[in-house]
Amino acid sequence: MPVLHNINFDKASFKDFEKIPNLNSFQRTEAFKEFTDYMETHGHMNYRFVTHNGCGPEILVSSPFQEKPQSCISLVSNDYLNFTQHPKVKAAAIEGIQKYGTGAGASPLIGGHHDYHVMLEDKLSSFFGRAKSSSIIYTTGYTANSATLLAMLKNNDCAIVDMAVHASVFEGLLETNVKRFPHNNLDYLERALSDTRSKYVTRLVIIDGVYSQDGDLAKMSEIYDLTKLYGAFLMVDDAHGIGVLGKNGRGAIEMFDLLDKIDIISGTLSKALGHIGGFVVSKPEVINYLQFQSRQQVFSSTSTPATNGLLVALNLIDEEPEWRNQLAKNVAYFKKGLLDIGLDIGPTESPIIPIKIGDAHKTGDAARLLLKAGVYANAIVYPGVSRKDARIRTSLMATHTKEHLDKALNAFDYVNQKLNISLVH
Ligand SMILES: Cc1ncc(COP(=O)(O)O)c(C=O)c1O
């Protein structure tokens with residue numbers, strides 16, 4: 001069993017290589033290379049597989065376990081509505097490039113703010129039922145969160161954060177005070193709101209609409225009420241809900257009827273909307289502030305003209321609700337199938353469906369067996385989730401057919417027979 005710098009490779013995770021006493025950064029990269037080589041030679045590397053045919057329900061995957069690329073059912077994509085392949089979205093993206101070229105040329109503050117950016121921001125404002133100038137776009141959903149929070153929260157402010165929010169939120173909190181509360185725990189949230197009263201200039205509660213590991217929803221109504229009771233502000237990152245949930249596809253926030261009430265909504269353009277980018281929706285004064293004070297807007301370029309496709313994608317949410325409806329049917333069918341096998345899928349209420357296994361090694365084995373059976377799904381282990389909470393995470397798409405889902409369910413049944421992943425752990 002190889003042990004290097006006191007790290008046992010059989011038990012290690014990527015996190016163990018973030019800091020190693022007495023090694024400089026470059027030596028640390030060498031130690032890490034030994035670890036990834038070890039994982040590969042022992043058939044344990046489940047990440048960064050190359051795929052060859054874009055996003056879709058069937059995907060061609062190159063993995064260390066097969067000599068040639070293998071056609072698999074894809075359960076790894078957040079392209080929930082499969083809009084990356086929608087002919088109208090593709091045509092509009094191509095049209096944008098033909099009209100404007102391929103890049104923005106500068107950061108928005110100093111020459112890279114084009115009318116196609118303004119059209120997208122206006123469209124986002126109206127999509128969420130807000131006034132003009134209520135939206136700003138960022139290069140990714142990650143920077144929408146991190147850059148916005150870095151601009152908004154300083155050392156006399158405080159973020160009160162659900163522990164399960166996305167990593168990009170925590171990156172945005174490096175210059176402020178942070179109180180974390182256990183996931184969806186209203187008692188702890190209330191205590192944090194009460195303890196921080198009159199200690200900070202701003203108190204911003206930050207939650208996700210849909211949580212990306214369990215696929216469950218925020219207790220948004222109660223959290224909103226508590227936040228307002230204690231005079232704080234609320235930010236919701238609805239990266240996984242927008243386009244997918246709610247009667248009109250406006251996301252988890254629409255389900256809770258809070259679209260006009262949330263102080264800051266953030267989201268991504270890279271999941272249901274099928275492209276890349278992120279955005280923030282808030283009061284026009286907040287947006288104006290971010291335009292000039294958010295470093296990412298000042299020192300970094302935003303989207304390319306291919307974002308033209310996003311205008312069409314946003315329209316399709318209204319014009320072709322059948323994608324959203326089919327996705328909901330697929331989710332119901334797949335969840336029932338997994339439960340019938342006896343698997344633990346937790347409290348998911350979205351197209352993210354985890355199959356909870358617990359043990360990290362068993363989870364890696366399960367992912368590899370699934371792949372061999374023609375199903376590509378992610379093994380999520382520490383530090384993505386806590387050490388005892390490893391799982392296979394699946395994401396469904398509107399374009400999965402019943403045949404795709406049946407094949408995936410058969411593969412889970414087979415893996416369960418081999419590994420007993422339904423055992424109580
Ligand atoms: C909850 C949440 N917020 C933000 C992001 C970042 O989005 P993007 O991929 O556009 O950077 C993700 C991506 O996985 C996410 O799950």
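One-based numbering, in listed order, for ligands and for the atoms of each.
- When hydrogens are left out, the protein atom nearest atom 3 (N) of ligand 1 is Asp237 OD2, 2.6 Å; that is the closest non-hydrogen contact.
- Close approach to Ser270 involves these atoms of ligand 1, each under 4.0 Å from a residue heavy atom: 8 (P), 9 (O), 10 (O).
- Phe256 and Tyr224 have their aromatic ring centers separated by at least 6.0 angstrom.
- Closest to atom 15 (C) of ligand 1 among all protein heavy atoms lies His166 CD2, 3.2 Å.
- At the top of the distance list for atom 13 (C) of ligand 1, counting protein heavy atoms only, stands Lys271 NZ, 2.8 Å.
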side-chain contact (heavy atoms from CB on, under 4.5 Å) assessment of Thr363 paired with Ile392:
CA-CA 6 Å; Thr363 302; Ile392 299 288; 4.0 Å; yes
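- Tyr211 has its ring centre less than 6.0 Å from the ring centre of His183.
- In the model, Asp157 has no side-chain atom that pairs as donor or acceptor with a side-chain atom of Thr176 under 3.5 Å.
- Atoms of ligand 1 lying under 4.0 Å from any heavy atom of His240, numbered from 1 in the order shown and given with element: 1 (C), 15 (C), 16 (O).
- The closest approach between Gly267 and ligand 1 stays at or above 4.0 Å for every heavy atom of the residue.
- For the residue pair Tyr376 / Thr51, no side-chain donor-acceptor distance below 3.5 Å is found, with atom types taken as modelled.
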For Asp187 and Arg191: C-alpha separation, side-chain torsions, deciding distance, then whether salt bridge (charged side-chain N to carboxylate O under 4.0 Å, His left out) applies.
CA-CA 6 Å; Asp187 291 338; Arg191 201 171 311 157; over 6 Å; no
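- Checked options Arg324, His240, Lys271; the residue passing with Tyr80 is His240 (criterion: side chain to side chain donor-acceptor pair (under 3.5 Å)).
- Taking every non-hydrogen atom of Asp208 and a distance limit under 4.0 Å, the qualifying atoms of ligand 1 come out as 1 (C).
- For ligand 1 and Gly277, the ligand atoms under 4.0 Å from any heavy atom of the residue are 10 (O).
- With hydrogens left out, the protein atom closest to atom 8 (P) of ligand 1 is Gly141 N, 3.5 Å, a heavy atom.
- For atom 10 (O) of ligand 1, the closest non-hydrogen atom of the protein is Thr268 OG1, 2.6 Å.
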